[in-house]
Amino acid sequence: MNYWLIFFTGLTTGGLTCLVVQGGLLTGTLAAREHEPNNHAAESNFLHDAMPTLLFLGSKLIAYILLGVLLGYFGSIFQLSTPVRIGFQIAAAVMMLGLAGHLLDLHPVFRYFIIQPPKWVGKLLRHQSRSQHWFAPALLGVLTVLIPCGTTQAMEVLAVSSGQPLTGALIMGSFVLGTSPLFLALGWLTTRLSETFRVG
């Protein structure tokens with residue numbers, strides 16, 4: 001298993017697709033937070049501003065690692081044969097290609113590769129993103145498992161096909177770590193823009 005390739009997938013395609021699906025949650029919770037007066041040192045301000053994003057990404061990473069453990073364990077319970085594992089890996093590749101077709105708008109058929117979460121999930125996430133509690137970003141990070149992007153779904157299939165909890169955890173963890181830089185950039189940009197508008 002090439003974890004560097006999985007990390008790179010998260011850094012590129014996965015980061016972009018997850019940002020589209022989950023980025024609004026992060027920006028929503030950052031915008032909802034009450035900003036304190038700018039009376040700290042620059043280093044303290046940076047840590048204070050970055051903390052919600054770090055909580056979001058940290059809890060998201062832990063949640064997906066645990067999900068990877070469960071998916072790998074699920075695959076091990078059924079003692080997947082080699083042909084079935086290959087089939088799961090092919091399915092993951094097909095999902096990735098289907099997602100690419102959807103992003104490039106090649107044909108309407110590719111929209112069927114996008115699995116939409118139930119409406120109650122969207123309502124729960126929107127409500128939580130407006131919360132000003134300090135733990136809201138961390139809770140939102142955990143809840144992102146309910147709205148996986150297409151690339152994440154392909155990684156989940158790959159984790160099941162591994163048939164090993166540790167491998168599943170490493171697959172999901174590597175992928176989420178790869179997506180993190182884009183979310184960090186989004187959090188930083190949102191915070192800077194919020195401060196600019198507040199000062200203005």
How close do [X] and [Y] get, counting heavy atoms only, and between which atoms?
X: Asn2; Y: Leu5; answer: OD1-N, 3.0 Å
X: Pro137; Y: Pro52; answer: CB-O, 3.3 Å
X: Gly163; Y: Ser76; answer: O-CB, 3.0 Å
X: Gly178; Y: Pro181; answer: O-CD, 3.3 Å
X: Phe183; Y: Thr53; answer: O-CG2, 3.9 Å
X: Ser162; Y: Gly72; answer: OG-CA, 4.2 Å

Taking C-beta and beyond as the side chain, do [X] and [Y] meet within less than 4.5 Å on heavy atoms?
X: Leu55; Y: Met51; result: yes
X: Ile62; Y: Leu66; result: yes
X: Thr152; Y: Tyr64; result: yes
X: Pro148; Y: Glu156; result: yes

Discussion item. Counting only heavy atoms not in Phe8 (residues, nucleotides, ligands), do more than 12 fall under 6.0 Å from its CZ?
Written reply: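 Not buried by this count: 12 neighbours or fewer within 6.0 Å.
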Fill in: More than 12 heavy atoms from other groups under 6.0 Å of CZ on Phe7
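For Phe7, atom CZ is crowded (more than 12 foreign heavy atoms under 6.0 Å).
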Fill in: side chain to side chain contact (heavy atoms under 4.5 Å, CB included), paired with Leu177, selected from Leu61, Leu11, Leu57, Ile6
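For Leu177, the side chain to side chain contact (heavy atoms under 4.5 Å, CB included) test succeeds with only one of Leu61, Leu11, Leu57, Ile6, which is Leu61.
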Taking a hydrophobic cluster as the set of Ile, Leu, Val, Met, Phe, Trp and Tyr residues connected by side-chain heavy atoms closer than 4.5 Å, whether directly or through intermediates, do [X] and [Y] fall within one such cluster?
X: Tyr73; Y: Leu158; result: yes
X: Leu140; Y: Ile147; result: yes
X: Leu19; Y: Leu54; result: yes
X: Phe175; Y: Val142; result: no
X: Leu146; Y: Val69; result: no

Practice prompt. Establish, from distance only, whether the side-chain atoms of Thr151 and Thr17 form a donor-acceptor pair under 3.5 Å.
Written response: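 Indeed, the side chains of Thr151 and Thr17 share at least one donor-acceptor pair under 3.5 Å.
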Measure the spacing between [atom1] of [X] and [atom2] of [Y] and express it to the nearest 0.5 Å.
X: Met155; Y: Thr179; atom1: CE; atom2: OG1; result: 11.5 Å
X: Leu186; Y: Phe56; atom1: CG; atom2: CZ; result: 9.0 Å
X: Lys60; Y: Leu67; atom1: NZ; atom2: CG; result: 12.0 Å
X: Ile65; Y: Ile171; atom1: CD1; atom2: CD1; result: 12.5 Å

